[in-house]
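When a ligand or atom number is given, it counts from 1 through the structure's own listing order. FYI, side chains are in, hydrogens and waters are out, and symmetry mates aren't considered; it's all heavy atoms of this structure. FYI, the numbering just counts along the sequence from 1.
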Amino acid sequence: MQRASSNSNTFDLVIRHADVVTASERFTCDIGVRGHRIVSLGEDLPEAAVEIDAEGLLTLPGGVDGHCHLDQPMPDGMRMADDFFTGTRSAVCGGTTTVIPFAAQIKGQSLVAAVEDYHRRATGRAVVDYSFHLIVTDPSPTVLNEELPRLIGQGYTSFKVYMTYDDLKLNDRQMLDVLDVAKRHGALVMVHAENAECVAWLTDRLVEQSLSAPRYHAAARPPVVEREATHRAIALSELVGVPILIVHVSGREAIEQIRWAQGRGLNILAETCPQYLYLTADDLSGEGYDGAKCVCSPPPRDKADQQAVWQGLAGGVFSVFSSDHAPFSYHDDHGKKLGGVEQPFQKIPNGVPGIETRMPLLFNGVHEGHLSLHQFVALTSYKPARLYGLYPRKGTMSVGADADIVMWDPSLRKRIENANLHHAVDYTPYEGIEVSWPVHCISRGEVLVKHGRYLNPPPGRGQFLSACRPLLD
Ligand code: URP
Ligand code: ZN
Ligand code: ZN
C-alpha cells in the first residue's frame with residue numbers, strides 16, 4: 001500500500017474505519033477522496049461533505065470485469081439486450097466499477113471503423129468507466145501492418161481471437177500473424193479455444209439425426225474440442241514466443257493443458273467465469289426450450305469440472321475471473337428465441353448474462369473457504385486491471401488511484417432474483433442462489449450505490465480509459 005497524506009486537509013468524501021483488503025494487504029484506515037481520486041489513507045481525517053461509516057464492512061477496490069459483451073453488433077437478427085447504460089448500471093450494482101467489452105471487427109470491415117462505431121455506442125451511455133478489447137476477425141495486411149499497431153499505440157492493448165464460430169474464426173496461420181503483431185507491439189491476445197472443424201462435424205451428425213434441442217449444444221462441444229484447441233493455442237503462443245490468455249476455460253481437460261504449459265515455464269494465462277462454477281451440462285436439458293438460457297460456449301460441464309475450476313482459482317492456474325456477460329433475453333425476437341421461434345441448438349445465440357452476479361457469486365468462494373479475500377480481489381480487480389493496462393489507476397486502493405471503492409457486508413446474504421437485477425435481460429441462470437452483495441459502490445469518488453440502492457446517476461458519466469501496456473506478472 002502507498003500511504004500518504006495530502007497537503008490540503010479538505011476532502012469531498014471520507015470513508016471512516018475502513019477494513020481495506022487489496023490483492024496483498026489488509027489494513028484499517030480512513031480513506032480521503034478529493035475529486036475522482038484517493039488522496040489520503042490515514043487516521044482521524046477531517047470531516048468531509050460526504051461521510052461513509054464502513055465499520056463492520058469490507059472495503060475493496062472496485063471490480064474490473066475483463067470480459068463482457070455490451071451492445072456488440074451481431075449478425076443474423078441477433079441483438080444484445082444490454083447497451084452501455086443498462087450493462088454498466090448492472091455492473092456497478094454488483095460491485096464492478098470498470099468494464100472491458102469488445103469492439104468487434106466484422107469480416108471485411110476496417111478495425112478502426114469498428115472501434116469508432118463502438119465509441120459511438122458507448123459515449124453518453126456508460127455509468128462506470130470502460131476500456132475496449134478488440135476482436136480481430138479479418139487480419140488483412142492493412143489490419144496487421146497498419147491498423148493494429150496504430151490502435152495498440154492509441155490504448156487498445158488487448159484483443160480477442162476466435163478458433164470457432166464461422167463469422168469470427170481465424171485459422172492457425174492467421175493466429176500466428178496476430179500473435180506476432182502482439183509480440184512486436186506489446187499487446188495481449190485473448191483466445192477463444194474450441195476446434196471449429198470438430199464442432200462442425202459433430203453438429204452435422206446431430207442434425208442428421210434430427211437432434212435439435214438445446215442440450216445438444218453441449219454434445220457438439222465436448223471437452224476434447226476445447227482441450228485440443230487449448231493445446232494448439234499454447235503451441236502457437238510458444239512458437240511465436242508471446243504470452244496468451246485463454247478465455248472462459250470450462251473444466252479439467254483444458255485446465256490440464258494450461259497447467260502443463262505453465263509447468264513448462266510458458267507464459268500462458270487463463271480466465272474462467274461464473275457459469276463454470278455454478279452450471280452444468282444438465283442445465284441445458286431444462287423443461288422444453290428452457291435449456292437455451294444456459295447455452296454458452298464452451299458449454300458448462302459437470303460437477304467434477306466445477307471442482308477443478310474452484311481448485312484452479314485457488315491454486316493460481318487462473319489470473320482472472322470475468323463474467324463473459326452475453327445479454328440475450330429469453331423471450332426476445334432478437335435473443336434466445338430468434339424471430340420469435342425456438343431455435344435448433346446450433347442457432348441459439350451463445351452466452352449467459354452475469355455482469356451483476358459475477359462478484360457476488362465468486363464471493364461465495366470466500367464464504368465457503370475456497371478462496372482468500374486477497375485472491376478474490378486479485379481475480380476480480382487487481383489482475384484484470386494489470387493485464388488490461390489499467391493499473392494502478394484501477395485495481396487497487398492507494399493514493400493517486402481512482403476512488404473506485406466497494407464495501408461488502410459478508411453477513412448480508414440474499415438470493416439472486418432476476419427481478420432485482422439491473423440488466424435488461426429477462427432472466428438470470430443463477431436464480432435462487434444465495435450470495436453476499438455490495439452495500440456501497442463508489443465510482444471515481446461518486447457514490448452510485450448506497451445501502452444497496454442504485455442512485456440513478458446520469459448515463460454518460462462513465463469515461464473511456466485508454467489502456468497502457470499489459471503487466472503480465
Ligand atoms: O458463449 C459465449 N461465451 N458467448 C459469448 C461470446 C464469447 O465467445 O465469448
Ligand atoms: Zn469466446
Ligand atoms: Zn465472451
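No donor-acceptor distance shorter than 3.5 angstrom exists from the side chain of T396 to the backbone of T22, with no hydrogens or angles considered.
In the model, H423 has a side-chain atom that pairs as donor or acceptor with a side-chain atom of N418 under 3.5 Å. When only modelled atom types and interatomic distance are considered, S322 and E271 share a side-chain donor-acceptor pair under 3.5 Å. D82 and H69 share no side-chain donor-acceptor pair at under 3.5 Å.
Aromatic ring centroids of Y130 and F85 lie 6.0 Å or more apart. For H67 and F102, the distance between ring centers is under 6.0 angstrom.
The 12-atom threshold is not exceeded at CZ of R469, counting heavy atoms of other residues, nucleotides or ligands nearer than 6.0 Å.
Ion pairing of K107 with D167 is absent here, as no side-chain N (NZ or NE/NH1/NH2) approaches a carboxylate O to less than 4.0 Å. Ion pairing of D117 with R121 is present here, as a side-chain N (NZ or NE/NH1/NH2) and a carboxylate O approach within less than 4.0 Å.
Sorted by chain and number, the protein atoms of type N, O or S within less than 2.8 Å of the Zn ion (ligand 3) are H67 NE2, H69 NE2, D324 OD1.
Around ligand 1 you find H67, H69, K160, Y162, Y165, H192, H248, C296, S297, D324, A326, N350, G351, each with a heavy-atom distance below 4.0 Å.
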